[in-house]
Amino acid sequence: MGPGTEEELAQIVAEAAGPLRIVGGGTRSFGVAQGEELSTAGLSGVTLYEPGALTLVVQAGTPLAEVDALLADEGQALPFEPMDHRGLLGTQGAPTIGGMVAANVSGPRRISVGACRDFLLGVRFVDGAGRVLKNGGRVMKNVTGYDLARLMAGSHGTLGVLTEVSLKVLPVARASATLALDGLEAARAVAALSRALGSPFEVSGAAHVAAGQARTLIRLEGFAASVNYRAERLCAVLAEFGDWQVLPDAIDIWRDVRDVKALQADGDVWRVSARPSDGPALAARVPGADAMFDWGGGLIWLRVPEGTDVRAALGQFDGHATLVRAGQETRVRLGVFAQPAPSLALIEAGLRARFDPRGIFNAGLMAPPERTI
């Protein structure tokens, strides 16, 4: 099904006799959702763009590439640098704004500016009863009680179907420089990233690619004179780790970090969120794993042999692990998402009962291991 308007979508949901599997561009289908496909592709187009106010209102099915092009013409961008999952997941289609928000997709710049949800000004969506709800507006202010915009970001379509989102955008940096150092082992690299992030030099990217030829990367952005000064000073601060190379233009390098290009070969891929200082030791617990660290070490990408239970290998730790790429049998057996603590599970169940009382949206996506409905 592919409604062309919000009203048509609301009617479809209200009349649905069974589960609905929500699809935007079809590029991030790493879950095990069940039901009849419900596409948001027909809900496409920019509703409002005010470059001077740094504000964008866009329908959920709009391709992300169209939005990027529109913003680029005004020297602006989505500052949280959303990942393109197609290379990692081997999917086709085009990423959409709605899918980006539903998954709270955020890239390397999250450490300096925040995540996708931090730039949401408002949302419109259809809940499980077929009602059209809206929250927020076109300015960074919310006094309505429920912050539904942030709630919808990262809900993976389990609470409602997004129809329109309002976003804050930012100007593109005038210049950038990347400090690069090859050969550091993971613990040493994360120590260097932590040192850089704790410095006053406004780091906007901090990653370590351990797979293959190990490489540590630190990005600085801003006006050219400021970037050059900060790069020189930061190299001096980090001199004990090695002789850093300064790359004046590393757009492709950071795009590869954003899209986890180093781990796109065969195997299962997991996404682990943890304290940065714990990252290297956690990765070392997983046999046969190739690793990449982003967000200063707080985001760990692991490529492992097919069928590996990464959660079992990690044991108890302060964080969680999500299975991003694997075969259907592995996804069902291990579960895509980590199961929440009992107290949090009660909150999640209450939210689903409020917004999707029939349980029709992306049924089974959050199911525990070895269970689907």
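Note: hydrogens, waters and symmetry copies are ignored here, and every other heavy atom, side chains too, is used.
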inquiry  = Is it the case that the side chain of D294 and the backbone of R258 share a donor-acceptor pair, with hydrogens and angles ignored and the cut-off at 3.5 Å?
reply    = no
ask   = Does Y229 share a hydrophobic cluster with W244, counting links as ILVMFWY side-chain heavy atoms below 4.5 Å and allowing steps through other members?
value = no
What pairs of donor and acceptor atoms, side-chain ones from residues 209-226 against any protein atom, are under 3.5 angstrom apart with sequence neighbours left out?
unit_1	atom_1	unit_2	atom_2	d
R215	NE	D182	OD1	3.0
T216	OG1	H208	ND1	2.9
R219	NE	S204	OG	3.1
R219	NH1	E81	OE2	3.0
R219	NH2	E81	OE1	2.9
R219	NH2	S204	O	3.0
E221	OE1	R109	NE	3.0
E221	OE1	S204	OG	2.8
E221	OE2	R109	NH2	3.0
S226	OG	R230	NE	3.0
S226	OG	R230	NH2	3.4

ask   = Should R195 and L238 be marked as a side chain to side chain contact (heavy atoms under 4.5 Å, CB included) after you check the CA-CA gap, both sets of side-chain angles, and the distance that decides it?
value = CA-CA 8 Å; R195 179 84 60 84; L238 301 177; 3.4 Å; yes
ask   = Do V23 and F361 belong together in a cluster built from hydrophobic side chains that touch within less than 4.5 Å?
value = no
query = Going through the checks in order, is the side chain to side chain contact (heavy atoms under 4.5 Å, CB included) test met by S166 and T55?
reply = CA-CA 7 Å; S166 303; T55 302; 5.6 Å; no
query = For residues 49-84, which residue pairs qualify under ring-ring contact (aromatic ring centres under 6.0 Å, His included), counting only residues two or more places apart or in two chains?
reply = F80-F119
Pairwise distance CG(L179) to CZ(F201) - rounded to 0.5 angstrom = 11.0 Å
message = Any heavy-atom pair between the side chains of L78 and L64 that's under 4.5 Å?
response = yes
ask   = Counting distance only, does the side-chain N/O of N135 pair as donor-acceptor with the main-chain N or O of A149 below 3.5 Å?
value = yes
request  = May I ask you to check whether over 12 heavy atoms, not counting those of R233, lie within 6.0 Å of atom CZ?
outcome  = no
key: Any L120 side-chain heavy atom under 4.5 Å of L167 side chain   = yes
key: Closest non-hydrogen atom pair between V105 and M83, with its separation   = CG1-N, 3.2 Å
message = Is the shortest side-chain heavy-atom distance between F125 and L159 below 4.5 Å?
response = no
request  = Kindly say whether L365 contributes a backbone atom to a donor-acceptor pair with the side chain of N362 at under 3.5 angstrom?
outcome  = no
task = List the atom of P63, the atom of S44, and the distance in Å for their closest heavy-atom pair.
result = CD-OG, 3.8 Å
request  = Let me see the working for T47 and Q59 under side chain to side chain contact (heavy atoms under 4.5 Å, CB included), right down to the final yes or no.
outcome  = CA-CA 7 Å; T47 305; Q59 295 187 61; 4.0 Å; yes
inquiry  = Looking at D73, I'd like to know if its CG atom is crowded, meaning that more than 12 non-hydrogen atoms belonging to other residues, nucleotides or ligands lie closer than 6.0 Å.
reply    = yes
message = Between V113 and L56, is there shared hydrophobic-cluster membership here, with clusters defined by ILVMFWY side-chain heavy atoms closer than 4.5 Å?
response = yes
Shortest non-hydrogen separation from A283 to L302 and the atoms involved = CB-CD2, 4.0 Å
query = Should D118 and R150 count as side-chain neighbours, where that means a heavy-atom distance under 4.5 Å?
reply = yes
inquiry  = Can you confirm whether E240 is buried at CD, in the sense that more than 12 heavy atoms of other residues, nucleotides or ligands lie under 6.0 Å from that atom?
reply    = yes
ask   = Would a 4.5 Å heavy-atom cut-off, applied to side chains only, mark C235 and V246 as touching?
value = yes
query = If you draw a 6.0 Å radius around CD1 in I251, do more than 12 non-hydrogen atoms from other residues or ligands fall strictly inside?
reply = no
ask   = Between atom CH2 of W295 and atom CD1 of I300, what is the distance when rounded to the nearest 0.5 Å?
value = 11.5 Å
query = Ignoring hydrogens and geometry, is there a side-chain-to-backbone donor-acceptor pair from T96 to A94 under 3.5 Å?
reply = no
ask   = Which heavy atom of Q264 sits nearest a heavy atom of R303, and at what distance?
value = N-NH1, 4.0 Å
query = To the nearest 0.5 Å, what is the distance between CG (L314) and NE2 (H320)?
reply = 12.0 Å
ask   = At their closest point, which heavy atom of G296 faces which heavy atom of V190, and how far apart are they?
value = O-CG1, 3.7 Å
R358 side chain vs A129 backbone, donor-acceptor pair below 3.5 Å = no
request  = Might you confirm whether atom CD of E348 has over 12 heavy atoms from other residues, nucleotides or ligands at distances under 6.0 Å?
outcome  = yes
ask   = Does the R275 side chain pair with the main chain of D318, one donor and one acceptor, at a distance under 3.5 Å?
value = no
key: Check: T158 and L351 side chains under 4.5 Å, non-hydrogen atoms   = no
task = For Q11, look at atom CD and say whether over 12 heavy atoms of other residues, nucleotides or ligands are found less than 6.0 Å away.
result = no
key: L70 with V172, same ILVMFWY side-chain cluster at under 4.5 Å   = no
request  = Answer yes or no: is there a donor N or O on one side and an acceptor on the other, between the side chain of E50 and the main chain of G52, under 3.5 Å?
outcome  = no
key: Heavy-atom side-chain proximity of T62 to V67 below 4.5 angstrom   = yes
note = Output for pair (R311 CZ, T322 OG1), nearest 0.5 Å, gives 6.5 Å
ask   = Would you call R86 and D84 a salt bridge, taking side-chain N to carboxylate O under 4.0 Å as the test?
value = yes
query = Does the D259 side chain pair with the main chain of G87, one donor and one acceptor, at a distance under 3.5 Å?
reply = no
ask   = Hey, what do you get for CZ (R325) to NE2 (H85), rounding to the nearest 0.5 Å?
value = 11.5 Å
task = Might you point out which heavy atoms bring L43 and T5 nearest each other, and give the distance in Å?
result = CD2-C, 3.4 Å
query = Does the pair R285 and L282 meet the rule for a side chain to side chain contact (heavy atoms under 4.5 Å, CB included), with working shown?
reply = CA-CA 5 Å; R285 294 181 189 177; L282 287 172; 3.6 Å; yes
ask   = So, the side chain of N104 versus the backbone of A153: is there a donor-acceptor pair under 3.5 Å, distance only?
value = no
ask   = Nearest 0.5 Å, what's the CG-OG distance between L9 and S39?
value = 10.0 Å
message = Counting C-beta onward and ignoring hydrogens, is there a side-chain heavy-atom pair between V169 and P51 closer than 4.5 Å?
response = no
